[in-house]
Amino acid sequence: MARILMISEQTPENRCVVGRFAPSPTGPLHLGSLVAAVGSYAMAKRAGGLWLLRMEDLDTPRVVPGMADDMFRTLETLGFAWDGEVMWQSRRADAYSAALERLLATGEAYPCGCSRAEIARAASAPHDGEGEVAYPNICRNGLQPGKEPRSYRVKVGSEPIVVRDLVMGEKRYDLAQICGDFVVKRADGLFAYQLAVVVDDADQGVNQVVRGADLLSSTPRQILLQSLLDYETPVYAHLPLVTATGGGKLSKRDNAVSLAVGLDLAVEGGRLILAALRFLGQRPPESLAGSCGKEVLAWGAANFDITLVPTASAPLSVHS
């Protein structure tokens with residue numbers, strides 16, 4: 001089993017690329033998650049690095065029993081092999097709690113007693129493109145009289161956060177306008193994804209994050225948390241999303257890539273991975289047609305070129 005160097009142990013001389021794939025076991029893998037798996041694996045291995053697997057089962061009420069095991073078997077049948085042990089977010093509450101305590105101790109986080117309805121009534125900022133309301137800082141300077149802590153928020157500053165993405169280019173985000181002080185521990189007691197993923201990446205030594213463009217808007221929040229917790233910021237590459245024909249949202253149920261839905265991935269795996277590589281702008285040779293998934297992945301690991309990846313979301317054809 002490969003030992004993963006923590007960021008604090010690495011030097012420019014010994015630092016290797018550490019990438020990861022982090023699905024949520026709330027449903028089967030689908031074409032979009034296959035693209036993210038292929039892109040993250042090929043980029044990490046192209047650099048001679050490690051590729052880790054993390055199970056983001058933090059939102060326990062939404063986890064589907066048995067789905068994580070199906071994901072493991074599906075990935076293995078497709079030809080993927082991950083380095084080290086799988087990390088489970090559901091087992092890391094102590095690590096997230098310690099990070100929150102650090103933020104509270106430095107005054108960068110605070111308890112919030114507001115309900116969603118109260119925030120919606122008080123917010124004067126318009127909703128952003130995802131329907132989010134910017135928190136109007138009601139509890140930033142202390143809980144309101146008679147209020148008990150419901151959640152915990154991190155303070156955002158007035159300066160924009162700059163994201164330098166290998167695929168999408170440089171983007172600037174004004175978090176104060178987009179979301180305001182954001183939640184890192186929810187009212188139901190669960191830690192928020194934004195905090196968990198930052199702590200996980202730091203603890204695993206992840207320095208290359210390759211994932212779908214639907215998470216690009218989360219990146220400035222994660223960069224802020226990395227700064228506040230004195231973590232290094234990974235290199236980011238956000239891949240185009242797979243859409244339905246006509247440009248609509250992809251139906252995960254109709255595009256499942258899973259043993260659980262009856263796909264013979266030992267036969268179909270190579271074709272699916274070829275399609276994912278072509279979707280990502282790569283040019284695998286026709287001679288790979290009919291090859292198994294492991295062989296196609298090996299070609300991707302040896303030849304992946306990030307400069308060929310398109311920025312626009314599009315349908316993925318598995319027949320071309």
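- Note: Phe80 and Tyr41 have perpendicular aromatic rings, judged against thresholds of 30 and 60 degrees for the angle between ring planes.
- Remark: side-chain polar atoms of Ser97 are not paired, donor with acceptor, to backbone N or O of Ala93 under 3.5 angstrom.
- Ion pairing between a basic and an acidic side chain is recognised when a charged N comes within 4.0 Å of a carboxylate O; Asp83 and Lys45 show such pairing.
- Side-chain contact between Ile306 and Val167: present, with at least one pair of heavy atoms (C-beta onward) separated by less than 4.5 Å.
- For Tyr96, the ring pair (Phe, Tyr, Trp, His ring centres under 6.0 Å) test picks out Phe191, with sequence neighbours left out.
- By the 4.5 Å heavy-atom criterion applied to side chains, Leu31 and Val257 are counted as neighbours.
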Determine all donor-acceptor pairs shorter than 3.5 Å in which one atom belongs to a side chain in residues 240-247; sequence neighbours excluded.
none

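- At a threshold of 4.5 Å between non-hydrogen side-chain atoms, the residues Phe72 and Leu53 count as touching.
- Within the structure, no pair that satisfies the salt bridge (Lys or Arg N to Asp or Glu O under 4.0 Å) test touches residues 293-318, not counting sequence neighbours.
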Show me the donor-acceptor pairs within less than 3.5 Å that the side chains of residues 109-117 make with the rest of the protein, sequence neighbours left out.
{"unit_1": "Tyr110", "atom_1": "OH", "unit_2": "Asp181", "atom_2": "OD2", "d": "2.6"}
{"unit_1": "Ser115", "atom_1": "OG", "unit_2": "Glu118", "atom_2": "N", "d": "3.2"}
{"unit_1": "Ser115", "atom_1": "OG", "unit_2": "Glu118", "atom_2": "OE1", "d": "3.4"}

Intermediate values then yes/no, side-chain contact (heavy atoms from CB on, under 4.5 Å), Arg221 and Leu224: CA-CA 5 Å; Arg221 304 177 211 208; Leu224 174 62; 5.7 Å; no
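- No donor-acceptor contact under 3.5 angstrom links the side chains of Gln204 and Arg20, judged on distance only.
- In this structure a side-chain-to-backbone donor-acceptor pair under 3.5 Å is missing from Ser227 to Ile223.
- Each salt bridge (Lys or Arg N to Asp or Glu O under 4.0 Å) pair with one or both residues in residues 152-168, not counting sequence neighbours, appears once here: Arg164-Glu170.
- For Ala99, the side chain to side chain contact (heavy atoms under 4.5 Å, CB included) partners at least two apart in sequence or on another chain are Leu195, Val199, Leu229.
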Chi angles and distances behind the side-chain contact (heavy atoms from CB on, under 4.5 Å) call for Leu58, Leu190: CA-CA 7 Å; Leu58 189 67; Leu190 295 177; 5.5 Å; no
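- Side-chain N/O atoms of Asn303 and Gln282 include no donor and acceptor closer than 3.5 Å.
- Between the side chain of Ser291 and the main chain of Val296, no donor-acceptor pair closer than 3.5 Å is present.
- Counting only distance, with no hydrogens or angles, the side chain of Thr74 and the backbone of Leu259 share a donor-acceptor pair below 3.5 Å.
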